[in-house]
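Read the structure below first, then the notes.
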Amino acid sequence: MVVVKGHLLRVVNWNPSDTSLSSNEETRFSATQLPTPQPSNYTGPAHLQPLVNSCYEFSDEKYKYQICLFKSISQKEIGGSTHLLSLTRSLGVWKSWEIEDGQFKALLFEAGSVCGSNSSPSGHRQSRVELRCGPRSQITSVEEPRKCYYTAVLVTPYVCGDDSVMAVYPRLSSLHRRRWDQVYTDWENGLVTDLGYNKTVHLIYKEAGLVNDASDNEQRPMSCDECRSELEELKRRVQQLKSELFALRNL
């Protein structure tokens, strides 16, 4: 150990001529890391709470992964050179749910270790862990479909059963359920478009603390084609309402 201005540094046997070592922010002999953000508080079905902080491991040819549900994900290289400092990367901390068709679908982890420039929109590693039904809780796969974005599948008996097991609606407050009922009725009666319905439901998820801004698709601007399609849909609905109003006046 060497003391420099009150800080302890570890000296490693590193050959500066070894050009096989990375010189970017991922280099193994970087001794300092930024503080890890804290995971979000648990939200979701009560029957999943026994899984909070339960950890599972998965290994492939290069890496060992550890997934601690509703907490964090990490990646450690297998069989690295002994003269280098061991590196464990954070692949993200628990942030929110991914909800699909009214069902809790996957866990989203964000703000992991710094990634190379232009590799990730946030500049940090992110992960998605999909929950599927299985006889016992275990990780069945981990992949990196694009640089610095990881996907994993965890099977568990906790999500087995019919659609009600992972349904969002029963877990909402009575206020949020009433709002959902109202916008659904308006949508069925043609008073709200498909886009308007989906945005309102997503806002309900957000207010309930199930999703956060980072996973909020509302932040994406609409394309010109989407705007035109929405406008045409609104025109059609207005014309339909005019026709119904005319018919009522002639009764």
Side-chain donor-acceptor distances from residues 64-73 under 3.5 Å, at least two apart:
unit_1: Tyr65; atom_1: OH; unit_2: Gln75; atom_2: NE2; d: 3.3

Rounded to the nearest 0.5 Å, how far apart are [atom1] of [X] and [atom2] of [Y]?
X: Gln126; Y: Tyr150; atom1: CD; atom2: OH; value: 11.0 Å
X: Ser113; Y: His124; atom1: OG; atom2: NE2; value: 9.0 Å
X: Ser40; Y: Leu107; atom1: OG; atom2: CG; value: 11.0 Å
X: Leu108; Y: Trp94; atom1: CG; atom2: CH2; value: 7.0 Å
X: Ser90; Y: Glu110; atom1: OG; atom2: CD; value: 11.5 Å

Restricting to side chain to side chain contact (heavy atoms under 4.5 Å, CB included), what partner residues turn up for Asp186, sequence neighbours left out?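 Listed in chain order: Gln182, Leu191, Val192.
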Under the side chain to side chain contact (heavy atoms under 4.5 Å, CB included) rule, collect the residues that match up with Ser173, sequence neighbours excluded.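 Partners of Ser173 by the side chain to side chain contact (heavy atoms under 4.5 Å, CB included) criterion, ordered by chain and then number, come out as Leu175, His176.
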Grab the two heavy atoms, one from [X] and one from [Y], that are nearest each other, plus how far apart they are.
X: Val142; Y: Ala152; value: CG2-CB, 4.0 Å
X: Val165; Y: Cys160; value: CG2-O, 3.5 Å
X: Cys133; Y: Val159; value: N-CG2, 3.5 Å
X: Phe109; Y: Val129; value: CE1-CG2, 3.7 Å
X: Tyr205; Y: Val168; value: CE2-CG1, 3.7 Å

Would you call Phe104 and Leu210 a side-chain contact if the rule is heavy atoms closer than 4.5 Å?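 Side-chain contact under 4.5 Å: yes.
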Is any side-chain heavy atom of Ile204 less than 4.5 Å from a side-chain heavy atom of Tyr169?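 Answer no - side chains too far apart.
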Sequence neighbours left out, what passes side chain to side chain donor-acceptor pair (under 3.5 Å) with [X]? Give chain and number order.
X: Glu57; answer: none
X: Asn41; answer: none
X: Tyr184; answer: Glu188
X: Thr156; answer: Ser137

Short side-chain to backbone donor-acceptor contact, Arg125 and Ala111, under 3.5 Å: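 Between the backbone of Ala111 and the side chain of Arg125 there is no qualifying donor-acceptor contact (under 3.5 Å).
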Is a side-chain donor or acceptor of Trp97 paired with a backbone partner of Val211 at a separation under 3.5 angstrom?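 Not confirmed, Trp97 side chain does not pair with Val211 backbone.
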Ring pair (Phe, Tyr, Trp, His ring centres under 6.0 Å) involving Phe58 - partner list, sequence neighbours excluded: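 Once residues adjacent in sequence are excluded, Phe58 has no partner under the ring pair (Phe, Tyr, Trp, His ring centres under 6.0 Å) criterion.
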Taking salt bridge (Lys or Arg N to Asp or Glu O under 4.0 Å) as the cut-off, I'd like each qualifying pair that reaches into residues 91-107, sequence neighbours left out, listed once.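 Pairs touching residues 91-107 that pass the test: Glu98-Arg128, Lys105-Glu130.
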Residue pairs fulfilling salt bridge (Lys or Arg N to Asp or Glu O under 4.0 Å) with at least one residue in residues 175-185, sequence neighbours excluded: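 Residue pairs with at least one partner in residues 175-185: Arg179-Glu207.
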Acceptor/donor pairs from residues 45-53 side chains to any protein atom, 3.5 angstrom cut, sequence neighbours excluded:
unit_1: His47; atom_1: NE2; unit_2: Tyr158; atom_2: O; d: 2.9

Same cluster or not: Val153 versus Ile99, using hydrophobic residues (I, L, V, M, F, W, Y) connected whenever any side-chain heavy atoms lie under 4.5 Å apart?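 No; tracing contacts between hydrophobic side chains, which count when under 4.5 Å, never links both residues.
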Do Val155 and Tyr56 share a hydrophobic cluster, counting only Ile, Leu, Val, Met, Phe, Trp and Tyr and linking them when any side-chain heavy atoms are less than 4.5 Å apart?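 Not linked; separate clusters.
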Who else is in the cluster with Tyr149 when I, L, V, M, F, W and Y are joined by side-chain contacts under 4.5 Å?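 ILVMFWY cluster around Tyr149 holds nothing else.
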